[in-house]
2 protein chains.
Amino acid sequence: MPAQHLFKALADPTRREILRLLRDGSLPAGDIAEHFPITRASLSHHFNLLKQAELVRTERRGQHIVYSLNTSVLEDAAGLLMELLRPKSTETTDES
Amino acid sequence: MPAQHLFKALADPTRREILRLLRDGSLPAGDIAEHFPITRASLSHHFNLLKQAELVRTERRGQHIVYSLNTSVLEDAAGLLMELLRPKSTETTDES
DNA sequence: AAGATAATTAGATAAATATCTAAATACAAG
DNA sequence: CTTGTATTTAGATATTTATCTAATTATCTT
């Protein structure tokens, strides 16, 4: 699991807001776009990074592309942070 | 709590490695520097971002400056990720 | 006080990133 | 099969960021 992609993806406020929107259910790209003042092309760029980090999944439904949250990867991210807290033992060697 | 500073700070592999080093106890800047192939000036830049995010604390001890982990902020970060998972209710409105 | 050591700040630069406009692709429907 | 709608990709640009060298600040030691 590339922690680098994961944390990079989480570093941008727009992307975190996208994840927050998806928390309540899947949404087509267009619906997501309505929540942001940037172009759809820019949003698409953010979608790419979120997909690269596997934080979201996509499914084509007709002419729409529906995005949904990959909760397990979010759990992984939280877990990586928790690992930083105590157990030197529970170390899963990880190339940043 | 500026989530932005927090996630930005976590986005860099060098900074995450610094946190990992501090997990096992406080360390002076010089000791930390020995683990990295970059200059102390560059490390200092990373320290600044970690401090800005309040992920680390500093204490001067003689000519050394000792860094230590602020575990509660790491817990906060993990918590912010967990919030993205389910409860729309437990929402603490947050300017990214 | 002077010199040595530890760390930071200042200023510069190269690489990465967020954004835009314009063009391309994919599907749906007349 | 052409037109319209949804989304992505290509290419360009401005900003941010990680890094460096050189200079500065702070403390210790003699």
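First the proteins, then the strands, lettered A, B, ... as listed; each starts at 1.
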| Residue B:T14, side-chain atoms from C-beta onward, closest of C:dT21, D:dT27, D:dT19 | D:dT19
| task | Identify whether any heavy atom of B:A29 sits under 4.0 Å from a base atom; if not, whether one sits that close to sugar-phosphate; answer base, sugar-phosphate or nothing. | result | sugar-phosphate
| field | Phosphate contact (C:dA16 OP1 or OP2) by A:K8 side-chain N/O below 4.0 Å | value | no
| Whole-Å gap separating P (D:dA18) and CG (B:L50) | 11 Å
| query | Side chain of B:R15, backbone of B:A9: donor and acceptor closer than 3.5 Å? | reply | yes
| message | What's the closest nucleotide to the side chain of B:S42 if the choices are D:dC20, D:dT7, C:dA18? | response | D:dC20
| task | Using whole Å, report how far NZ of B:K51 lies from P of C:dT8. | result | 6 Å
| task | Would you kindly give the CD1-to-P distance between A:I18 and C:dT19, to the nearest whole Å? | result | 10 Å
| message | Once you apply a heavy-atom cut-off of 4.0 Å, does A:L49 come out as touching a base, just sugar-phosphate, or nothing? | response | sugar-phosphate
| task | Mind calculating the distance between CD (A:Q4) and C1' (C:dA16) to the nearest angstrom? | result | 12 Å
| message | Please determine whether a side-chain nitrogen or oxygen atom of A:R15 lies at a distance below 4.0 Å from atom OP1 or OP2 of C:dA18. | response | yes
| said: With a 4.0 Å limit, can you tell me whether A:N48 has a side-chain N or O closer than that to the phosphate oxygens OP1/OP2 of D:dT9? | reply: yes
| remark: Checking C:dA18, C:dT5, D:dA6 against the side chain of B:Q63 (C-beta onward), the nearest is C:dT5
| task | Report yes if at least one side-chain N or O of A:S44 is closer than 4.0 Å to OP1 or OP2 of D:dT7; otherwise report no. | result | no
| message | Is the phosphate of C:dC20 approached by A:T39 (side-chain N or O, under 4.0 Å from OP1 or OP2)? | response | yes
| Is B:R60 near enough to D:dA26 that one of its side-chain N or O atoms lies under 4.0 angstrom from OP1 or OP2? | no
| Between the main-chain N or O of A:L84 and the side-chain N or O of B:R23, is there a donor-acceptor pair closer than 3.5 Å? | no
| query | Rounded to whole angstrom units, what separation is found between the NE2 atom of B:H64 and the C1' atom of C:dT5? | reply | 8 Å
| message | Between A:F7 and B:F7, is the ring centroid distance below 6.0 Å? | response | no
| Any donor-acceptor pair under 3.5 Å linking the side chain of A:Q4 with the backbone of B:A11? | yes
| Rounded to the Å, how far apart are A:Q52 CD and C:dA16 P? | 13 Å
| Phosphate OP1/OP2 of D:dT19: any B:H46 side-chain N/O under 4.0 Å | yes
| request: Take the protein atom CG of A:D12 and the nucleotide atom C1' of C:dT19, then report the distance between them rounded to whole Å. | output: 11 Å
| query | Do B:S72 and B:N70 have a side chain donor and acceptor closer than 3.5 Å? | reply | yes
| said: At less than 4.0 Å, is any side-chain N or O atom of A:H45 found next to OP1 or OP2 of D:dT9? Yes or no. | reply: no
| task | For B:G62 and for B:I38, locate the closest nucleotide of DNA chain D by heavy-atom distance; then report the residue assigned to the nucleotide nearer the 5' terminus. | result | B:I38
| task | Quickly work out the B:E34 CD to C:dA7 C1' distance and round it to whole Å. | result | 14 Å
| request: Would you indicate which nucleotide in C:dT8, C:dA18, D:dT7 comes nearest to any side-chain atom of A:I65? | output: D:dT7
| query | Taking OP1 and OP2 of C:dA6, is either one under 4.0 Å from a side-chain nitrogen or oxygen of B:Y67? | reply | no
| message | So does B:G62 get a backbone contact from the side chain of B:R60, meaning a donor-acceptor N/O pair under 3.5 Å? | response | yes
